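Order of the sequence lines fixes the chain letters, A, B, ..., with proteins taken first and strands second; residue numbering starts at 1 for each chain. Please read these numbers as outputs of a predicted model, since none were measured by experiment.
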Amino acid sequence: MKSTVSDIGLAKTGMLRFYSYYYSISLSIYHKPFLNPVTSCSLRACSTFSYIPDSTESFYDHLLKSCNGLASLKQIHSPLITTNLLLKSLHLGARIIIKYAEVGDPYSARCLFDGINENGYKPCSFIWNTMIRAYANGGHCMETLGLYSRMRRTGISPNNYTYPFVLKACASKVLILQGKAAHGDAFKCGFDLDLHVEAALVDMYAKCGQFGDARKIFDEMAIKDLVCWTAMVTAYEQAEKPEEALILFQKMQKDSLLADLVTIVSVASAISQLGDAKKAGAVHAYSIRHSLIENICVGNSIIAMHAKCGNMDKACLVFDKMDERNVISLNTMLSGYAQNGQASEALMLFESMHDSEVEFNEVTALIMVGVCAYLGSHCLGKKFHDFVTHSKMEIDVNLWNALMDMYAKCGDLETAVDMFNSKQSERDVSSWNVLISGYGMHGHGRQALELFSRMQEEGVEPNHITFTSILSACSHAGLIDEGKKCFANMKKWSVTLEDKHYACMVDMLGRSGFLEEAFDIIKEMPSPPSDAVWGALLLACKIHGNTELGEIAASNLFHLQPNVTGYYILMSNIYAASNKWQEVGMLRQVLRNKGLKKPAAFSVINYGKEFYGFHTGDRENPYWQEVYRKSESLAVELRMAGHVPNLSCALHDVEEEDKEHILKYHSEKLAVAFGIMMIDPGMTIRVTKNLRVCHDCHSALKFISSIYGRKIIVRDTNRFHHFEGGICSCKDYW
DNA sequence: TTAGGGTTAG
């Protein structure tokens, strides 16, 4: 009992003994069979007492405030029935109705409401409003509207309290027709100019996507308070119209209105959508100036905002200064690190939070499994899987899918397949997508197509991600006809063709040399192609040495993404391959002027508990001297086995002899040389590279897998290469 | 004795 009742509350009311008495009554009621405290509230007898003392109401108010579950609510409700106290206080009845709705039992709330209505109370709007509120707050839209309609038929007048609830219900289920009808009713009764009704109307029209109507009501309001302004700002933010939200926020400030925490959370979210670091700084400063940042929700929103603007240093500063943190603060930071490619920072933060009071949850696990997938670290991913298995967390289908995806992205497709097969009854469409995509990135196009057919046989409807995965799988495996068929079938499944689907088609056709056909696809696109589409064409032009089409793709890319180094490098490589050195020089000058640098190639290999990273020509790695010696001897063995260095893969402006020397120390060759030295023979060597594998390394690794009888798996930015017995799983098509 | 904006992570 004491655990559900505030001692302070009891001391204030002095009702401890009173409660003990009724508690014993409620216990005895529960021991009587077949007596449900709610349904038995027929409230037939009327009172022995003509009034209920204020102190009693106050006592029950305290009890209800501290009650947070159905069982304890019923214990409070029971003595009120047996003593008929409920009949004497409509206020208490209303409180219990609301409480039943809050604990998720609208049926009991309705029973009590019907009982009250049938037993002698003079019909009044108050109790009807209470029941309408209970339905509306619980998201029971149709019940709200049904009761509102019955209220009017019964002759009970709706008032200015009724409409905000009814409009809220319409807004929650985007029922614009019913919302408009309620607006009309409010107008007829003269309540449409009430401040609360107007705010609810603004919210309803905005949530139903009718921004013109929402804005008209908002603009014409005689008095606008903070809630109205925030309703409109939030409406724009939720509809992904961040510019409009911020314009309104500025206007609000000109009206000398101070934002509260609700406003600032919405504004921070709007800035997150824009990714505007400068505006993020201004809102951060505002939240400090007005002491809003001390609220944990605001703090978390500011962290998320900085993270989405790419500024993890500032996010970290807020996180470090927080007096109180919760699991959302931690997850926001972890996901920020993950989104900004700072995987090791995410791992360090996760480690550092082990001894804190914040408990990890399923979202933490989802983020961290994603970090392992990003790193391509099989051993770390396996550790997280063990961690999750041994924790109290529930492995739901989302986490299960994330784990499958992690195994696939860490090169362990077998485990991903085993996991998929072990959960037949609980699979969802994402489970199928994960495995189709896994087959695709490992070059198993046929298996991806078979799984796609099986998925349809089992009645699982493919979505836009399924088609991205299957088109990408066909592209990696060079299955052009199959890919075209899938692309044509998308309409059958009512899946809208998105930019990414076109990018897959351009990639598929372009890689296999059908450059003109790929360009035709672009020309047929209903909306302007994104950088992904033009990027796919540019890559294809590089593979097939098409300067003319490459220039078209590049000029679009330089316009769309003027600061992405990779596109300048690709175009420069196309020029270099056709000996257009003047153009090469020009593009390098552009990069210099913009202060852009070619990203350094980097390969990571896991050995024991550690990760060893190698840059091209690395001399910082603690093992670099041994690794260099191994690379020298490998170069000799490769020559003897028939490998001819592909000098076009080295820098273009150095002598031929130097080119061969540079090739020996490419990052993936250094990592594999390290693997051969350190990892037991018979164990797979797993390497992850931050760029695409170069052609010379690809050929060399095939030879190495044969010379040493080792299985080598390399994950590059696009896909996996499994080298074994002198061949690669990509069949030299990548 | 009832009312309007909404919590940040995946």
What is the distance, rounded to the nearest whole Å, between atom [atom1] of [X] and atom [atom2] of [N]?
{"X": "A/Met322", "N": "B/dA9", "atom1": "CE", "atom2": "P", "result": "13 Å"}
{"X": "A/Met131", "N": "B/dT1", "atom1": "CE", "atom2": "C1'", "result": "17 Å"}
{"X": "A/Leu193", "N": "B/dA3", "atom1": "CG", "atom2": "P", "result": "22 Å"}
{"X": "A/Ile127", "N": "B/dT2", "atom1": "CD1", "atom2": "C1'", "result": "9 Å"}
{"X": "A/Ile156", "N": "B/dT2", "atom1": "CD1", "atom2": "P", "result": "18 Å"}
{"X": "A/Ile367", "N": "B/dG10", "atom1": "CD1", "atom2": "P", "result": "6 Å"}
{"X": "A/Leu226", "N": "B/dG6", "atom1": "CG", "atom2": "P", "result": "12 Å"}

For the side chain of [X], starting at C-beta, report the closest nucleotide among [options].
{"X": "A/His91", "options": "B/dT1, B/dA9, B/dT2", "answer": "B/dT1"}
{"X": "A/Phe126", "options": "B/dA9, B/dT1, B/dA3", "answer": "B/dT1"}
{"X": "A/Thr234", "options": "B/dT8, B/dG6, B/dG4", "answer": "B/dG6"}
{"X": "A/Gln339", "options": "B/dG4, B/dG6, B/dG10", "answer": "B/dG10"}
{"X": "A/Val327", "options": "B/dG5, B/dA9, B/dA3", "answer": "B/dA9"}
{"X": "A/Lys207", "options": "B/dG6, B/dG10, B/dT2", "answer": "B/dG6"}

Open item on the list: Between the base of B/dG4 and the ring of A/His196 - centre-to-centre under 5.5 Å, planes within under 30° - is that a stack?
Closed with: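 According to the criterion (under 5.5 Å, under 30°), no, A/His196 does not stack.
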
hbond_proxy [X] side chain to [N] base (donor-acceptor, 3.5 Å cutoff):
{"X": "A/Thr230", "N": "B/dG5", "answer": "yes"}
{"X": "A/Asn160", "N": "B/dA3", "answer": "yes"}
{"X": "A/Asn129", "N": "B/dA3", "answer": "no"}
{"X": "A/Asp194", "N": "B/dG4", "answer": "no"}

- [ ] Just grab all the salt bridge (charged side-chain N to carboxylate O under 4.0 Å, His left out) pairs involving residues 208-224 of chain A, residues at least two apart or on different chains.
- [x]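 For residues 208-224 of chain A: A/Arg215-A/Asp219, A/Lys216-A/Glu220.
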
Task: Within residues 244-262 of chain A or reaching into it, pairs that qualify as salt bridge (charged side-chain N to carboxylate O under 4.0 Å, His left out) - sequence neighbours excluded - done: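 Listed by first then second residue: nothing to list.
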
Open item on the list: For the backbone of A/Lys308 and the side chain of A/Gln339, can you confirm whether one donor and one acceptor N or O come within less than 3.5 Å of each other?
Closed with: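 Checked: no pair found.
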
- [ ] Give the ring-plane orientation class for A/Phe350 versus A/Phe384, where under 30° counts as parallel, over 60° as perpendicular and anything between as tilted.
- [x]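 The rings of A/Phe350 and A/Phe384 sit tilted, inter-plane angle from 30° to 60°.
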
Have a look at [X] and say if it touches a base, only the backbone sugar-phosphate, or nothing, with a 4.0 Å heavy-atom cut-off.
{"X": "A/Asn361", "answer": "base"}
{"X": "A/Ala231", "answer": "sugar-phosphate"}
{"X": "A/Thr263", "answer": "base"}

Check whether any side-chain N or O of [X] sits under 4.0 Å from OP1 or OP2 of [N], and answer yes or no.
{"X": "A/Arg133", "N": "B/dA3", "answer": "yes"}
{"X": "A/Lys308", "N": "B/dA9", "answer": "yes"}
{"X": "A/Thr332", "N": "B/dT8", "answer": "no"}
{"X": "A/Gln238", "N": "B/dG6", "answer": "no"}

Open item on the list: A quick test of your reading: do over 12 heavy atoms of other residues, nucleotides or ligands sit less than 6.0 Å from NZ of A/Lys382?
Closed with: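 Counting other residues, nucleotides and ligands, NZ of A/Lys382 stays at 12 neighbours or fewer.
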
TODO: Could you grab the distance from atom CE of A/Met252 to atom CG of A/Leu226, nearest 0.5 Å is fine?
DONE: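 It comes to 5.0 Å.
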
